*Asks:* 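The structure's right below; bear with me while I get my questions together.
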Amino acid sequence: MAEHQDRTERSSGTATPVTHSPSIELGELLRQYQLGLVLIAGASEDATERPVQWVHVSELEDPAPFLTPRTVLLTTGARFTAVHDQRDADAYAQRLIGAGVTALGVAVGLHWDRVPARIVSACDRLGLPLFRVPYDTAFIEIVQTAARLLEAGARERDIWALESQRAVASASLQRDGLGSVVREAASRLDRWVCIADRSGRIIEFAPRSARREVQTEWIQRETRRLVERGLSAGRIGGTGGGVRMQALGRQGRVLGVLAVEDHGAPDTAERTLVGLVAALATVQLEHRSGIDAAQASLRDAIVTLLIAGDFALAEKLAEGALARVPRGTVVAVRYRSEGLAPETLEDLQSFDAGSQGVISAALDGAPVMVAEARHLPAIRRLLLPRRIPSGISERGEPTQLGELIDQADRALEYAIASGAEGPVDYLPALHDGVLHLLSTVPDARRRADSLLAPLRKHDRKHDDTIELSLRAWLAHHGQTSPAATELGIHRHTLKARVQTAGQLLQADLDSPDTRAELWAALRLTAGAAGTPHGE
C-alpha cells in the first residue's frame, strides 16, 4: 500500500525545475519500459517529439494557473467527477493546452478503472497527448525518472557546449579567422549564422546553402536601425523574420551585428556559444576596421599626390597597397555615396580593389574614382544598371587630373539637377555655361578688371576686404545675415562694406542687372587681388 500512499500524496511531487533547456522529448519518457506508460490519445506525428522540462502532479479541478510551459501533468482524476459532459472535458483540455502543457498522464486503478472517455475524446480532438499510468506505477517514479533523464541531458549539453567553444576558439586561429568562426558556429548550432558590417552588408555567412533563404534586405534594414539607435555592444537589438541579432563592437561604437537563425529561446549552452562568437567577431571587426581606415587614408593621400603631380611618391605609396596607380590616358568619375544601397557600395569597392589602374578615394567629402580610360566601358556597366547619378570627365593625362576631377564635378552637378539615373559625360558646351564662353572673349577679362578696379585699389590702399565682402554678399543673393555668418563678421559691418562698394563703383546694387554684371566680373577675374579661386 506504500505505492498507493505515494499516489494519494503525490500532489506535492515535482521534478527539479529547469528554466531553460536541456529538455527531453516526451517519447523518451514514454519509452521507459519499467514505467508502463501508454499513449492513448493525441498521438500526432510530433507528439513524441514535444519537449518536457517539468513533471508536475495536481488533483486540482483547474491546475492551469499553476503550470509552466513544457510540463507533463500527472493526475489520478480525482476531480474528473466535475466533468459532467463533453463540453466540460473540452474546456479542461483546452486550459491545459493554453498553459503550454506537453502531455497529460492519468492514473488508473484508484479512482477510475479506465480513463474517462470524455477526457480521451477531448485530448484526441484537441491534440493534447494523453497517456495512461498503470496502477503499479507511482507518480514519484515518473518524477524521478524524468529528473534523471533531464540531468543526463544537462551533462550531455555541458559536454556539447565545452566542445563547441573549443572548436570555435580554434577556428579563430585559422588564416580566415572570422569566416572559420562563422562556419564552425553554424555547424555546431545547426542553423545559419552571419556577420554584417555597420551598413548591413553581409561579410561572412554560413552555410552557403542557406543564403538564398535569408532575408538579406531585412538584415540590412535592421542593422542600420540598430546602429542608428546606438545600442551598446552585446545588446540584443530585437528579433523578427526568424532572426536574432546582436550588436558587435565596443561601448559607444557599433561595428556590425551578429545574426543567427532563430529557432526559439536559446538555452544556456547556445547563448554561451553565440556570446563567444560575438566576442571573437568583435575582435576581428576591430582589426578590419583599423586596416580599412588605414587603406582609405592611404588611397586619399595617393590621389592627393596625383593631383599635385608628385607621381613618383604616389607610385611608392601604392606599392603593396594597390595593384597599380592609373597611367597613360585617364578619366575621373564622381558620384554621391549618400542613399546608395550597401550592396551597391560593395560593388563599387570591389571594382576598385579588383582592377589594375583604378583607385577610389574621398575628396572634398565625396567619392572620386580615377581610372585608366580602358576601364571606362566597365565603369559605365557598373553605374548605369544601378541608376547611380554620376559625372564622367573627358579623357586626359595624369598631369591634368585636377582639371578632370573638376569636369567630373560639373557633370555630376548636372546629373543631379537634371534627375539623370546614370552617368553623365562632361561636355564643355553644356557644363561650362556662359561664363566659360565669356572667358574666351579677349575683351571680357579686361572689361571685368576695369569694372572692379575701384574696389581693388581701395582694398590695397586701406588693407580692406570690400571685394571679398561684396562677393560673399552676391553669392548669398544679397542676403546680409548668411553672408555675414560666412565671413565671420557682424551683419551691420557687412552692410556698411556693401554700401562702400556701391559708392566706389557708383552703381545701384539693388539692380539685378548690376548684380549679374558684377558677379560675372568677379568670376572671370577669380584669383586676382587675393580672391580665392572658385569662391
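Predicted model only: the values in this text are computed from it and were never measured.
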*Asks:* Among residues two or more places apart or on two chains, list those pairs meeting ring-ring contact (aromatic ring centres under 6.0 Å, His included) that have a residue in residues 447-475.
*Replies:*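 The answer is His458-His462.
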*Asks:* Working to the nearest 0.5 angstrom, can you tell me the gap between Leu468 CG and Leu455 CG?
*Replies:*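 If I round to the nearest 0.5 Å, the distance is 11.5 Å.
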*Asks:* Search all heavy atoms of Ala185 against all heavy atoms of Val277 and return the closest pair with its distance.
*Replies:*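 Scanning both residues completely, I find the closest heavy atoms to be CB-CG2, 3.7 Å.
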*Asks:* To check you understand the geometry: which heavy-atom pair defines the closest contact between Pro51 and Ser23, and what is its length?
*Replies:*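 So the minimum-distance heavy-atom pair works out to CB-OG, 3.8 Å.
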*Asks:* What are the two closest non-hydrogen atoms of Asp459 and Glu467, and how far apart are they?
*Replies:*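 Minimum heavy-atom contact is OD2-N, 3.1 Å.
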*Asks:* What's the spacing between Glu403 CD and Glu397 CD if we round to 0.5 Å?
*Replies:*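 Answer for the CD-CD pair, Glu403 versus Glu397, is 12.0 Å.
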*Asks:* Would you please name every residue forming a side-chain hydrogen bond (donor to acceptor under 3.5 Å, both in side chains) with Asp310, sequence neighbours left out?
*Replies:*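 For Asp310, no residue satisfies side-chain hydrogen bond (donor to acceptor under 3.5 Å, both in side chains) once neighbours in sequence are set aside.
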*Asks:* Kindly indicate, with the supporting measurements, whether the criterion side chain to side chain contact (heavy atoms under 4.5 Å, CB included) is fulfilled by Leu383 and Val333.
*Replies:* CA-CA 10 Å; Leu383 298 172; Val333 181; 4.0 Å; yes
*Asks:* Counting only heavy atoms not in Asp190, do more than 12 fall under 6.0 Å of its CG?
*Replies:*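 Incorrect, the count does not exceed 12.
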*Asks:* Treating Asp262 as the side-chain partner and Arg244 as the backbone partner, does any N or O pair qualify as donor plus acceptor under 3.5 Å?
*Replies:*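 Judged by distance alone, no pair lies under 3.5 Å.
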*Asks:* Within the side chain of Glu261, is there an N or O that forms a donor-acceptor pair under 3.5 Å with the backbone of Trp192?
*Replies:*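 Yes, because the side chain of Glu261 sits within donor-acceptor range (under 3.5 Å) of the backbone of Trp192.
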*Asks:* Enter the distance from Arg334:CZ to Leu363:CG here, rounded to the nearest 0.5 Å.
*Replies:*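 So the CZ of Arg334 and the CG of Leu363 are separated by 4.5 Å.
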*Asks:* Give a yes or no answer on whether the side chain of Ser164 reaches the backbone of Ala161 with a donor-acceptor pair at less than 3.5 Å.
*Replies:*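 No, the answer is negative, given that no donor and acceptor are paired below the 3.5 Å cut-off.
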*Asks:* Just by distance, do the side chain of Ser450 and the backbone of Arg446 share a donor-acceptor pair under 3.5 Å?
*Replies:*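 Side chain of Ser450 to backbone of Arg446: no pair is present.
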*Asks:* Determine the minimum heavy-atom distance between Ser469 and Leu487, stating which atoms define it.
*Replies:*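 Closest approach of Ser469 to Leu487: CA-CD1, 3.9 Å.
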*Asks:* Give a yes or no on whether the backbone of Pro389 and the side-chain of Arg336 come within a donor-acceptor separation of less than 3.5 Å.
*Replies:*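 Between the backbone of Pro389 and the side chain of Arg336 there is no qualifying donor-acceptor contact (under 3.5 Å).
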*Asks:* Do Glu315 and Arg327 come close enough that some side-chain heavy atom pair is under 4.5 Å?
*Replies:*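 Side chain of Glu315 against side chain of Arg327, heavy atoms only: contact under 4.5 Å found.
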*Asks:* Is the shortest heavy-atom distance from the side chain of Leu470 to the side chain of Leu505 under 4.5 Å?
*Replies:*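 SC-SC contact between Leu470 and Leu505 confirmed.
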*Asks:* Okay, side chain of Arg515, backbone of Leu509: is any donor-acceptor separation there less than 3.5 Å?
*Replies:*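 It does hold such a pair.
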*Asks:* Between Thr500 and Arg497, does a side-chain hydrogen bond (donor to acceptor under 3.5 Å, both in side chains) hold up when you go through it step by step?
*Replies:* CA-CA 5 Å; Thr500 300; Arg497 290 180 180 177; over 6 Å; no
*Asks:* Drop me the distance from Leu504's CG to Arg456's CZ, to the nearest 0.5 angstrom.
*Replies:*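 Result: 13.5 Å between the selected atoms.
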*Asks:* Minimum heavy-atom separation for Gln284 and Ser172, please, with both atom names.
*Replies:*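 Taking Gln284 first and Ser172 second, the nearest heavy atoms are NE2-O, 4.1 Å.
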*Asks:* Does the side chain of Trp160 come within less than 4.5 Å of Leu273's, by heavy atoms?
*Replies:*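 Yes. Closest side-chain heavy atoms under 4.5 Å.
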*Asks:* Are any non-hydrogen side-chain atoms of Arg380 and Asp425 less than 4.5 angstrom apart?
*Replies:*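 Yes. Closest side-chain heavy atoms under 4.5 Å.
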*Asks:* Is there a salt bridge (Lys or Arg N to Asp or Glu O under 4.0 Å) between Arg157 and Glu270 once you walk through the steps?
*Replies:* CA-CA 9 Å; Arg157 198 62 175 163; Glu270 289 183 354; 3.2 Å; yes
*Asks:* Should the heavy atoms of other residues, nucleotides or ligands under 6.0 Å from CZ of Arg374 be counted, would the total exceed 12?
*Replies:*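 Enclosed.
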*Asks:* Counting N and O atoms only, with roles assigned by atom type, does the side chain of Ser187 sit under 3.5 Å from a partner on the main chain of Arg183, one being a donor and the other an acceptor?
*Replies:*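 Checking the backbone N and O of Arg183 against the side chain of Ser187, no donor-acceptor pair under 3.5 Å is found.
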*Asks:* Arg491 side chain to Ser481 main-chain N or O, any donor-acceptor pair under 3.5 Å?
*Replies:*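 Such a contact is absent between Arg491 side chain and Ser481 backbone.
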*Asks:* Ignoring hydrogens and geometry, is there a side-chain-to-backbone donor-acceptor pair from Arg386 to Leu382 under 3.5 Å?
*Replies:*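 Pair found, side chain donor or acceptor close to backbone of Leu382.
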*Asks:* Which heavy atom in Ala332 sits nearest to a heavy atom in Ala408, and how many Å separate them?
*Replies:*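 Of all heavy-atom pairs spanning Ala332 and Ala408, the closest is O-CB, 3.6 Å.
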*Asks:* Is any side-chain heavy atom of Phe311 closer than 4.5 Å to one of Thr399?
*Replies:*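 A side-chain contact under 4.5 Å exists here.
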*Asks:* Does anything in residues 484-514 form a ring-ring contact (aromatic ring centres under 6.0 Å, His included)? List the pairs, not counting sequence neighbours.
*Replies:*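 Every ring-ring contact (aromatic ring centres under 6.0 Å, His included) pair that includes a residue of residues 484-514, provided the two are not neighbours, is His490-His492.
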